[in-house]
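Contents: one structure, followed by commentary.
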Amino acid sequence: MRTCRLARELLGGHDLVKLEVLGDKKTLFPDIPETLKAAEILVQEDFKVMVYTNDDPIMALRFEEMGCIAVMPLAAPIGSGLGIRNPYNIRTIVENAGVPILVDAGVGTASDAAIAMELGCDGVLMNTAIAEAKNPVLMASAMKKAVEAGREAYLAGRMPRRAYASASSPIDGTFFS
């Protein structure tokens, strides 16, 4: 928080902050109780807080209620490239949110980014997936296209999932009916 205050002073009122309080060196999971404390203080000091958290819908709502301007749930551990481990929770967070939801960790490839956007996320933060790709420029291009495609698919509306087949062409009025 000291760094945020210094940055605001040095940069003439800069108040946008990405808050990331890590609780474990091995997993880099967020320390939620400490993140709550820090977010509350920063919001009270008029910072615009974008908060990194786990994929818990209840915690996401708490951060929004306290005044965070964006919630950034992890898809999987930072730098793991495991993709979205719990799409149900991410979708639940999105459905209940009144602030932007940005997946922030665990994206490994373009299909992961597309899934995040298909779930209704407003954006995807990524670093390792691009930085560690064999061809980072090509991976960045793939990520851009995936984010765009995923957003368009979300806006278009997915067809319902069905347990059984459903003819895509009507047979009424044909010689088979």
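Position 1 is the first residue of the sequence; numbering continues from there. Just so you know, these numbers use all the heavy atoms, side chains as well, and skip hydrogens, waters and symmetry mates. Everything numeric in this text was worked out from a predicted model, so none of it was measured.
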Note to self: To check you understand the geometry: which heavy-atom pair defines the closest contact between A129 and G108, and what is its length?
What the structure shows: CB-O, 3.5 Å

Check: Atom CD1 of I101 and atom CG of D55: how far apart are they, to the nearest 0.5 Å?
Finding: 12.0 Å

Next item on the list: Check A110 against A142 and note the closest heavy-atom contact, atom names and distance.
Entry: CB-O, 3.7 Å

Next item on the list: Determine the minimum heavy-atom distance between A60 and I93, stating which atoms define it.
Entry: CB-CG2, 3.8 Å

Check: How close do L74 and P30 get, heavy atom to heavy atom, and via which atoms?
Finding: CD2-CD, 3.7 Å

Item checked: Results of salt bridge (charged side-chain N to carboxylate O under 4.0 Å, His left out) for E132 - residues two or more places apart only -> none

Note to self: Holding to side-chain contact (heavy atoms from CB on, under 4.5 Å), I want the full list of residues that pass it with N96, two or more places apart in sequence or in another chain.
What the structure shows: T92

Item checked: side-chain hydrogen bond (donor to acceptor under 3.5 Å, both in side chains) partners for S141, two or more places apart -> K145

Check: With S111, which residues qualify under side-chain contact (heavy atoms from CB on, under 4.5 Å), at least two apart?
Finding: T109

Notebook entry, point to check: Taking only residues two or more places apart in sequence or in another chain, which ones pass side-chain hydrogen bond (donor to acceptor under 3.5 Å, both in side chains) with D24?
Noted result: T27

Item checked: ILVMFWY network linking V99 to V17, side-chain heavy atoms under 4.5 angstrom -> yes

Notebook entry, point to check: Linking I/L/V/M/F/W/Y whenever any side-chain heavy atoms sit under 4.5 Å apart, do V51 and L36 land together?
Noted result: yes

Check: What pairs meet the side-chain hydrogen bond (donor to acceptor under 3.5 Å, both in side chains) rule with one or both residues in residues 71-85, with sequence neighbours excluded?
Finding: none

Note to self: Walk me through whether V107 and M143 qualify under side-chain contact (heavy atoms from CB on, under 4.5 Å).
What the structure shows: CA-CA 10 Å; V107 171; M143 291 294 194; 3.8 Å; yes

Next item on the list: Determine, stepwise, if the pair D15 / D46 fulfils side-chain contact (heavy atoms from CB on, under 4.5 Å).
Entry: CA-CA 7 Å; D15 60 0; D46 295 322; over 6 Å; no

Note to self: Taking side-chain hydrogen bond (donor to acceptor under 3.5 Å, both in side chains) as the definition, give me every residue that meets it alongside E95, ordered by chain and number, with sequence neighbours left out.
What the structure shows: none

Next item on the list: Please report the closest heavy-atom contact between A116 and V103, naming both atoms and the distance.
Entry: CB-CG2, 3.8 Å

Next item on the list: Measure the CG-CZ distance between L119 and R158 for me, rounded to the nearest 0.5 Å.
Entry: 10.5 Å

Check: Can you tell me how far the CG atom of N86 sits from the CZ atom of R91, to the nearest 0.5 Å?
Finding: 12.0 Å

Next item on the list: Step by step, work out the side-chain contact (heavy atoms from CB on, under 4.5 Å) result for V94 and C121.
Entry: CA-CA 6 Å; V94 168; C121 291; 4.0 Å; yes

Item checked: Residues that P136 engages under side-chain contact (heavy atoms from CB on, under 4.5 Å), provided they are two or more places apart -> I130

Item checked: Approximate separation, where rounding is to 0.5 Å, of I84 CD1 and L82 CG -> 12.0 Å

Next item on the list: Please examine the side chains of D56 and N89, heavy atoms only from C-beta on, and report whether any two atoms are closer than 4.5 Å.
Entry: no

For residues 62-72, run the donor-acceptor check on the side chains, cut-off 3.5 Å, and write out each pair with its distance to 0.1 Å, sequence neighbours left out.
from, atom 1, to, atom 2, distance (Å)
E64, OE1, G98, N, 3.0
E64, OE2, G98, N, 2.9

Notebook entry, point to check: Which residues pass the side-chain contact (heavy atoms from CB on, under 4.5 Å) test with N127, sequence neighbours left out?
Noted result: A131

Checklist line | Pairwise side-chain contact, M59 with N54, heavy-atom cut-off 4.5 Å (strictly under) | finding: yes

Check: Of all heavy-atom pairs between A113 and M126, which one has the smallest distance, and what is that distance?
Finding: CB-CE, 4.1 Å

Notebook entry, point to check: In Å and rounded to the nearest 0.5 Å, what is the CD1 to CG distance from I41 to L19?
Noted result: 10.0 Å

Checklist line | Joint hydrophobic cluster, L16 plus L102, side-chain heavy atoms closer than 4.5 Å | finding: yes

Item checked: Interatomic distance, L22 atom CG to Y52 atom OH [nearest 0.5 angstrom] -> 6.5 Å

Check: Can you name the side-chain hydrogen bond (donor to acceptor under 3.5 Å, both in side chains) partners of K18, sequence neighbours left out?
Finding: E20, D104

Check: Apart from Y154 itself, what residues make up its hydrophobic cluster when side-chain heavy atoms of I, L, V, M, F, W and Y under 4.5 Å apart count as a link, directly or indirectly?
Finding: L155

Next item on the list: Report the C-alpha distance between E34 and K37 in whole Å, list the side-chain angles of each, state the deciding distance to 0.1 Å, and finish with yes or no for salt bridge (Lys or Arg N to Asp or Glu O under 4.0 Å).
Entry: CA-CA 5 Å; E34 292 302 314; K37 289 177 193 174; 3.1 Å; yes

